[in-house]
Amino acid sequence: MRIETLPDPESLAHHVAEWMTSTAEATSGPFRVSLSGGSTPKALYGLLASDPFRDRFPWQRASWYWGDERFVPHDHPESNYRMTREAMLSKAPVPPENIHPVPIEGMPDDAAARYEQILQKSYGGSVLDPARPLFEITLLGLGPDGHTASLLPGEPVLEERRRWVSAVAHGRPEVRISMTYPAIESSRHVAFLVAGREKAAILREILDGGSRVPAARVKPVGELLWFVDRAAAGD
């Protein structure tokens, strides 16, 4: 585990934009990224689509996925896809075929199954190999209750080990679609972005060890990073 503390949310977003860009520049093949919702990622996405990152990031070989999504239309104000599109995807030279939003048509369980099929087609198989991660980077947030993506406390999705994507019926208030631990953990770099004093208590509990909240249970096959601001760190 690596923990990096930045002065404020703006510094955090800029630092992660530099880290993501440098990480992508150091690779040569397909670069799959699992995105997170929230205000801190929104600032990050805006930076990636602006100078100087826009001209450095290898957009043509990067593909974009979502770790979770509210089961609402893609133009809904609460849609993670809409937020990312407005902040980054519509402002950067992203090939349309490299954008893979969560399906929101039909029933939630069917949409989850379709997204799992999309992931498996991108991966080229239905069995995850620890030596060949699904994602290069997975971005995650942290809720004050310890949830991440839509892995919510007390929900059956926490025990899912076979499926890559699951519907979360009690999404508070919306039904949600979420990647499960196996898909989230199949990443070379899993990065939590945590900002704000309201996250300080749960962050401290997780980093002290022994916590069983959903975010504390993420054990990636690759590197685990925590990018936090001073307020969340309790400084």
Side-chain angles (χ1 to χ4, degrees), residues 2 4 12-38 40-69 74 79-103 114-141 149 164-165 177-180 182-193 218 220-225 227:
R2 192 168 100 216
E4 298 192 20
L12 190 158
H14 194 279
H15 183 77
V16 177
E18 179 61 47
W19 169 74
M20 285 185 66
T21 302
S22 298
T23 300
E25 287 177 322
T27 68
S28 57
F31 196 83
R32 291 189 292 267
V33 181
S34 176
L35 299 166
S36 173
T40 301
K42 182 178 180 179
L44 163 66
Y45 304 154
L47 280 172
L48 287 172
S50 67
D51 296 333
F53 300 106
R54 187 180 188 275
D55 295 331
R56 290 174 52 199
F57 199 89
W59 301 101
Q60 295 301 309
R61 57 185 178 85
S63 295
W64 307 93
Y65 305 80
W66 279 260
D68 74 319
E69 181 61 279
H74 285 154
S79 166
N80 286 338
Y81 167 75
R82 174 180 171 172
M83 180 274 282
T84 312
R85 183 191 69 217
E86 292 178 349
M88 179 178 73
L89 300 177
S90 64
K91 299 176 180 178
V94 182
E97 64 271 19
N98 290 8
I99 302 172
H100 304 280
V102 177
R114 290 199 301 276
Y115 205 46
E116 181 174 285
Q117 291 170 359
I118 290 170
L119 294 178
Q120 291 178 347
K121 182 178 179 180
S122 298
Y123 185 67
S126 59
V127 178
L128 291 165
D129 180 354
R132 187 171 69 91
L134 173 60
F135 298 109
E136 293 296 321
I137 290 177
T138 293
L139 300 176
L140 294 173
W164 298 12
V165 184
I177 307 295
S178 183
M179 291 189 197
T180 62
I184 288 172
E185 293 174 341
S186 183
S187 186
R188 295 191 192 280
H189 311 277
V190 169
F192 280 89
L193 279 56
V218 175
V221 300
E223 180 183 34
L224 176 61
L225 304 101
F227 296 110

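Basis for what follows: all heavy atoms, side chains included, without hydrogens, waters or symmetry-related copies. The structure presented is a predicted model; accordingly, all values stated were derived computationally and were not measured.
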ask   = Could you walk me through whether Leu48 and Arg54 pass the side-chain contact (heavy atoms from CB on, under 4.5 Å) check?
value = CA-CA 6 Å; Leu48 287 172; Arg54 187 180 188 275; over 6 Å; no

Listed partners of Phe135 passing ring pair (Phe, Tyr, Trp, His ring centres under 6.0 Å), at least two apart = Tyr65

Smallest separation among heavy atoms of Met20 and Ile137, with atom names = CG-CD1, 3.9 Å

ask   = How long is the span from the CG atom in Leu44 to the CD atom in Glu18, to the nearest 0.5 Å?
value = 11.5 Å

request  = Write out all pairs satisfying salt bridge (Lys or Arg N to Asp or Glu O under 4.0 Å) with one or both partners inside residues 19-29, taking only residues at least two apart or from two chains.
outcome  = Glu25-Arg56

ask   = Got a sec, which residues hit side-chain contact (heavy atoms from CB on, under 4.5 Å) with Ser178, two or more places apart in sequence or on another chain?
value = Asp68, Ala149, Ser150, Leu151, Val168

message = Regarding Glu136 and Arg188, does a basic nitrogen lie under 4.0 Å from an acidic carboxylate oxygen?
response = yes

task = Consider only side-chain N and O atoms of Arg61 and Thr27, and report whether a donor and an acceptor are under 3.5 Å apart.
result = yes

message = By the salt bridge (Lys or Arg N to Asp or Glu O under 4.0 Å) test, which pairs, at least two apart or in different chains, include something from residues 121-131?
response = none

query = What are the two closest heavy atoms between Glu69 and Ser79, and how far apart are they?
reply = OE2-OG, 3.5 Å

request  = Determine whether Leu139 and Phe192 make a side-chain contact, defined as any pair of heavy atoms from C-beta on separated by less than 4.5 Å.
outcome  = no

key: Pro95: side-chain contact (heavy atoms from CB on, under 4.5 Å) partners, not counting sequence neighbours   = Gln60, Glu97, Asn98

task = Sorted by first residue and then second, give each side chain to side chain donor-acceptor pair (under 3.5 Å) pair with at least one member in residues 82-94; sequence neighbours left out.
result = Trp66-Thr84, Arg82-Glu86

ask   = So, are Arg2 and Glu4 salt-bridged, with charged N and O less than 4.0 Å apart?
value = yes

ask   = In terms of ring plane angle, is the pair Trp59 and Trp64 parallel, tilted or perpendicular, where the classes change at 30° and 60°?
value = tilted

Ring center gap for Tyr81 and His100 short of 6.0 angstrom = no

message = Please report the interatomic distance CD1(Ile184) to CG(Leu134), rounded to the nearest 0.5 Å.
response = 10.5 Å

key: Contact summary for Pro103 and Arg114, nearest pair of heavy atoms   = CB-NH2, 3.7 Å

task = Considering non-hydrogen atoms only, spot the tightest contact between Ser36 and Gly141 and give its length.
result = OG-N, 3.5 Å

query = Going by the angle between their ring planes, with limits at 30° and 60°, are Phe227 and Trp19 parallel, tilted or perpendicular?
reply = tilted

key: Inter-residue atom distance Ile177.CD1 - Asn80.CG, 0.5 Å rounding   = 12.0 Å

task = Please report the shortest heavy-atom distance between Ser186 and Leu128, naming the atom on each side.
result = OG-CD2, 3.7 Å

inquiry  = Using every non-hydrogen atom in the two residues, find where Glu116 and Val165 come nearest and quote the distance to one decimal.
reply    = OE1-N, 3.5 Å

task = Test side-chain contact (heavy atoms from CB on, under 4.5 Å) on Ile99 and Val94 and set out the steps.
result = CA-CA 8 Å; Ile99 302 172; Val94 182; 3.7 Å; yes

Backbone N/O of Val102 and side chain of His74: donor-acceptor pair under 3.5 Å = yes

request  = For the pair Tyr123 and Ile118, evaluate side-chain contact (heavy atoms from CB on, under 4.5 Å) and give the outcome as yes or no after the intermediate values.
outcome  = CA-CA 9 Å; Tyr123 185 67; Ile118 290 170; over 6 Å; no

request  = Starting from the C-alpha separation in whole Å, work towards a yes-or-no answer on side chain to side chain donor-acceptor pair (under 3.5 Å) for Thr138 and Ser34.
outcome  = CA-CA 5 Å; Thr138 293; Ser34 176; 4.5 Å; no

key: Interatomic distance, Glu185 atom CD to Thr180 atom OG1 [nearest 0.5 angstrom]   = 8.5 Å

inquiry  = Can you tell me how far apart CE (Met88) and CG (Leu47) are? Round to the nearest 0.5 Å.
reply    = 11.5 Å

key: Reported CG-to-NZ distance for the pair Leu193 and Lys42, which is rounded to 0.5 angstrom   = 15.5 Å

